[in-house]
Amino acid sequence: MTGSILRVGLATPLLRLFDYRCPDHGDGPLTPGRGRRVIVPFGKKTRIGLIVAITDTSSVPAAKLRTAIRIIDDEPLFDESIMALLEWSANYYRHALGEVIATALPGLLRKGGAIDATELIWQAAEQGRNLDITALSKRASVQARIVELILKAADGADATLLSAAGKTWRTAATKLVDKGLLTMTERRITVAPARDDTDGQRTDTPPTLTEDQRTAIDSITAANGYTAFLLEGVTGSGKTEVYLHCIERELEQGRQSLLLVPEIGLTPQLVDRFRRRLSTDIAVLHSGLNDTERLVAWRKARDGSAGVIIGTRSAIFTPIPKPGLIIIDEEHDTSLKQQDGFRYSARDLAVWRAHQLDIPIVLGSATPSFESLENVNAGRYSKLSLPNRPGNARQPVVKLIDLRHQPSKDGLTEPLREAISRHLNDDGQVLLYLNRRGFAPSMMCTDCGQLVECRRCDARLVFHQHRGRLVCHHCGAEHAVPRECAECHAPDLLPVGQGTERLEQALTELFAEHRIIRIDRDTTRRKGEIERRLELVRSGEARILLGTQMLTKGHDFPNVTMVGIIDADQGLFGTDFRSSERLAQSFIQVSGRAGRGERPGEVYIQTLFPDHPLLTTLVAEGYGPFATAAMVERQSAGWPPFSYLALTRAEAVRRQDAFMFLEEARDLAAQLIATGRFAGVRWLGPASAPMERRSGRYRGQLLIQAETRGQMQRFLGTWRPALDDLKSARKTRWSVDIDPTELF
Ligand code: ADP
Ligand code: ZN
């Protein structure tokens, strides 16, 4: 590459790149090149960016062009295929390339750390082993503690470990090194491999495949180059088994596989299952890792030593030198779409990446998104089906409980209570789903009917009994429970409605002899808590499991024989055009937790609307027929996947600031469309967001709709950069969400 100007991506919201003169090698001999990091001056500070191109010319006048400070890497961090993916994503989502790069980089590298990062390790020099700690302890207690820590650490101690010895540990450690008691060495950062009882040996013998599984595996492994498969398999039908076989084939050919899973689906059990079956190193990438762990996993993927990469959303950007297969599990899951900042869909990018790498991709789900179903209908994806559970496991029987005729106490009707007792007496486990945390979703004045609302949001405060507080689930505000109604000053406020906390209390009274486990955001805040609770369920110790959305995904509880959906009616009349799709997906997913083992399962759904077509179709015919019917409606209304959307959101403390911007953005769109150059594009709004005020800010939105992706992209290419130049753009916080999955 020749040229003397570096074009650099920096993590700023600006949609452009930044030009710098090459550093004059005064500080380090590294040569610049695409994909390497560089330190550059930015305002009065310095920043780390990625070199995207090297050119001869710049539109910045020579006198204003600043010189980069130092090149960090002597090799590109990303291969060309990832560079292309990053550039394509930035362009498609109209997002700053520098921020896209920042999303793709492990934190340590983002902060300037070396890719071959080393750390300092302190170990006992030979004499140290016999060191008498008591001799040190009086005058040098920090030194004594260091020695103690080091004697316990088999592979030497790092800075994090030694810092436990006290604030002055570094000086103390240096003294011990000077005395010849300790040695200090540098080593490449590693993390202890995850505990693995198998010594790298596979211990699980795969089950005999069903005919459907065999057909699916054969089709996927026979794919020559890019092919997209939709693997539609009912819950517990053995999709994971299909993934394992396909991944094994890739390993035999020396190729790596990338498996993307929803955040909550990435459990230690899933990873263990893969470890027990595959003889390869597995790189696991998820948000719970610290920076070092993440870098190490990323490096194992990038240098080809990990045959399988399992990760959440952002793992789609992991470099993989020997790519063979990409799999998206639970492809309908909303966590695959990032909901702030760089709002990308990992599923859509995965399809793009598979295409670019010319390798097959498998999208698996029991409840496929309408987008993917439409891709099957249009012949872009091939469909593979697993309509049955293997062995004796059957799909559960679903029954509706009519809340109009069955009074409920604390959310439980008589038939539901009876069913729970019956399953408990038969040694089954029971799972109850209520997607509302807290004790009661609102507090009402018994005199005037007034509900307690958040002062900063258009929302009711939720009563949390355990904390004894009213909490806003939107802005996080917490208040003491008021002594009287703010409106009429009557002293009687009553918690109304059901939350998981109240349900747990009621169950504890009714089924005192059984252990009950609640899983929601409130009970699983501590690290490792969700795993601990799930383990109590898996071991059979807990007999009743209740919780929110967190329970619906991916978990395999072989002894759960009954599922109860406490309140089917939340979301039955949602405003978003996707609400019925979402509702059906969570019903099917939660129902799918029942009867995965040998025993048949039962599902009870409590509803005030047992005749609602969504419920009746789902119950009588299942997800497929429901989706077919709902997609006909979707098509006639012209919503995605039968059109393409870009949602502009704006929020400001003063309502008019947000709306001024949205109106100017709309006028700009109207002008462009009036030129006749953008056929198929129209706008809707601006309008208030469904919850207009949140955290004290007013929120509005403007929707752009196009008949095809191409039309949308052409329009955005002109319209989106022009938004930056609107005067009102500086007075409000705004963003453009391409292919939004939520309309608020
Ligand atoms: P899914 O990913 O579709 O939920 P899994 O692959 O986890 O399904 O399979 C569900 C359960 O059925 C697991 O316990 C798995 O071991 C078992 N299983 C999968 N395939 C078979 C098979 N062919 N024969 C017997 N059991 C199987
Ligand atoms: Zn609030």
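Bear in mind that the values here come from a model prediction, so they are computed numbers and not experimental data.
- Annotation: Tyr344 is not in aromatic contact with Tyr93 [ring centroid separation under 6.0 Å not met].
- Residue Asp79 comes nearest to Ile82 through the heavy atom pair OD1-N, 2.9 Å, listed as atom of the first residue, atom of the second, then distance.
- In this structure a side-chain-to-backbone donor-acceptor pair under 3.5 Å is present from Arg694 to His474.
- By the 4.5 Å heavy-atom criterion applied to side chains, Val261 and His286 are not counted as neighbours.
- Shortest non-hydrogen contact noted between Ser58 and Arg7 is CA-NH2, 4.1 Å.
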**OP:** Given side chain to side chain contact (heavy atoms under 4.5 Å, CB included), test Ile704 with Tyr644 step by step and report yes or no.
**Re:** CA-CA 8 Å; Ile704 305 289; Tyr644 295 83; over 6 Å; no
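- Under the 3.5 Å distance criterion, the side-chain polar atoms of Arg37 are matched with a main-chain donor or acceptor of Leu109.
- Residues Trp639 and Leu645 meet the side-chain proximity criterion, which asks for heavy atoms closer than 4.5 Å.
- A donor-acceptor pair under 3.5 Å links the side-chain atoms of Gln711 to the main chain of Glu707, judged by distance alone.
- For the pair Lys731 and Gln656, the minimum side-chain heavy-atom distance is 4.5 Å or more.
- In this structure, the separation between CE on Met631 and OG on Ser636 is 12.0 Å, given to the nearest 0.5 Å.
- Below 30°, between 30° and 60°, or above 60°: for Tyr623 and Phe370 the angle between ring planes is between 30° and 60°, a tilted geometry.
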Subject >> Chi angles and distances behind the side chain to side chain contact (heavy atoms under 4.5 Å, CB included) call for Thr235, Gln589 >> reply: CA-CA 7 Å; Thr235 50; Gln589 294 287 344; 4.0 Å; yes
**OP:** Would you sort out whether Glu621 and Phe626 count as a side chain to side chain contact (heavy atoms under 4.5 Å, CB included), showing the intermediate values?
**Re:** CA-CA 7 Å; Glu621 302 171 64; Phe626 155 78; over 6 Å; no
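- Residue Leu349 holds its CG atom at 5.0 Å from CZ of Phe317, rounded to the nearest 0.5 Å.
- Looking at Arg302 and Glu75, a side-chain N of the basic residue comes within less than 4.0 Å of a carboxylate O on the acidic one, giving a salt bridge.
- Thr227 is listed as a side-chain neighbour of Ser382, based on a closest heavy-atom distance under 4.5 Å.
- Within 6.0 Å of CG in Asn224 there are 12 or fewer heavy atoms belonging to other residues, nucleotides or ligands.
- The list of salt bridge (charged side-chain N to carboxylate O under 4.0 Å, His left out) pairs with a residue in residues 345-355, not counting sequence neighbours, reads Glu331-Arg347.
- With Gln256 contributing its side chain and Lys322 its backbone, the two residues share a donor-acceptor pair below 3.5 Å.
- For residues 355-380, the pairs satisfying salt bridge (charged side-chain N to carboxylate O under 4.0 Å, His left out) are Glu371-Arg578, with sequence neighbours left out.
- Taking a cutoff of 4.0 Å between a charged side-chain nitrogen and a carboxylate oxygen, Lys337 and Glu742 do not qualify as a salt bridge.
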All N/O donor-acceptor pairs, side-chain side in residues 664-674, below 3.5 Å, sequence neighbours left out:
| from | atom 1 | to | atom 2 | distance (Å) |
| --- | --- | --- | --- | --- |
| Glu664 | OE1 | Ser728 | OG | 2.9 |

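- Across Phe18 and Leu14, no two heavy atoms sit closer than the pair CZ-CD1, 4.1 Å.
- Between Ala568 and Phe587 the shortest heavy-atom distance is CB-CZ, 3.5 Å.
- Summarising the geometry, atom CG belonging to Leu15 is positioned 10.0 Å from atom CG belonging to Asn91; distances are rounded to the nearest 0.5 Å.
- Within the 3.5 Å criterion, the main-chain N or O of Met691 finds no donor-acceptor partner in the side chain of Asp458.
- Contact annotation: the side chain of Met660 never approaches that of Lys727 to less than 4.5 Å [non-hydrogen atoms, C-beta and beyond].
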Original post:
side-chain hydrogen bond (donor to acceptor under 3.5 Å, both in side chains) between Ser81 and Gln356: does it pass, once the steps are laid out?
Top reply: CA-CA 8 Å; Ser81 85; Gln356 170 219 31; 4.5 Å; no
**OP:** Please step through side-chain hydrogen bond (donor to acceptor under 3.5 Å, both in side chains) for the pair Gln339 and Thr741, ending with a clear verdict.
**Re:** CA-CA 9 Å; Gln339 297 295 3; Thr741 53; 3.0 Å; yes
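- Separation of atoms CZ (Arg294) and CG (Leu289) is listed at 5.5 Å; rounding is to 0.5 Å.
- Screening residues 671-687 for salt bridge (charged side-chain N to carboxylate O under 4.0 Å, His left out), with sequence neighbours left out, gives no hits.
- Remark: Arg649 pairs with Asp737 by the salt bridge (Lys or Arg N to Asp or Glu O under 4.0 Å) rule, at least two apart or across chains.
- Going from atom CH2 of Trp683 over to atom OG1 of Thr648 covers 13.5 Å, rounded to the nearest 0.5 Å.
- A heavy-atom distance below 4.5 Å is not found between the side chains of Val8 and Phe42.
- The backbone N or O of Gly233 sits less than 3.5 Å from a side-chain atom of Lys239, completing a donor-acceptor pair.
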**OP:** Go through Phe274 and Leu270 one step at a time and tell me if the side chain to side chain contact (heavy atoms under 4.5 Å, CB included) criterion holds.
**Re:** CA-CA 7 Å; Phe274 276 68; Leu270 177 86; 3.9 Å; yes
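- Counting only distance, with no hydrogens or angles, the side chain of Glu581 and the backbone of Ser369 share no donor-acceptor pair below 3.5 Å.
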Would you list the atom pairs, donor with acceptor, under 3.5 Å between side chains in residues 95-105 and any protein atom, with sequence neighbours excluded?
| from | atom 1 | to | atom 2 | distance (Å) |
| --- | --- | --- | --- | --- |
| His95 | NE2 | Glu99 | OE1 | 2.6 |
| Thr103 | OG1 | Glu99 | O | 3.0 |

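- Summarising the geometry of Ser89 relative to Phe342, their closest heavy-atom pair is CB-CZ, 3.8 Å, with the distance given to 0.1 Å.
- The closest side-chain heavy-atom distance from Leu384 to Ile220 is below 4.5 Å.
- The backbone N or O of Ala652 sits nowhere less than 3.5 Å from a side-chain atom of Arg655 that would complete a donor-acceptor pair.
- Two residues are said to be in side-chain contact when any heavy atoms from C-beta on lie closer than 4.5 Å; Val351 and Ile328 fail this criterion.
- Side-chain atoms of Thr732 never come within 3.5 Å of backbone atoms of Trp734 as a donor-acceptor pair (strictly under, hydrogens ignored).
- Atom OG in Ser735 sits 9.5 Å away from atom CG in Asp340 (nearest 0.5 Å).
- The minimum heavy-atom distance between Pro625 and Thr617, with the atom names listed, is C-CG2, 4.2 Å.
- The residue from Leu259, Leu231, Leu230 that alone fulfils the side chain to side chain contact (heavy atoms under 4.5 Å, CB included) condition with Val362 is Leu231.
- Using a distance-only test at 3.5 Å, with no hydrogens or angles considered, a donor-acceptor pair links the side chain of Ser643 to the main chain of Gly638.
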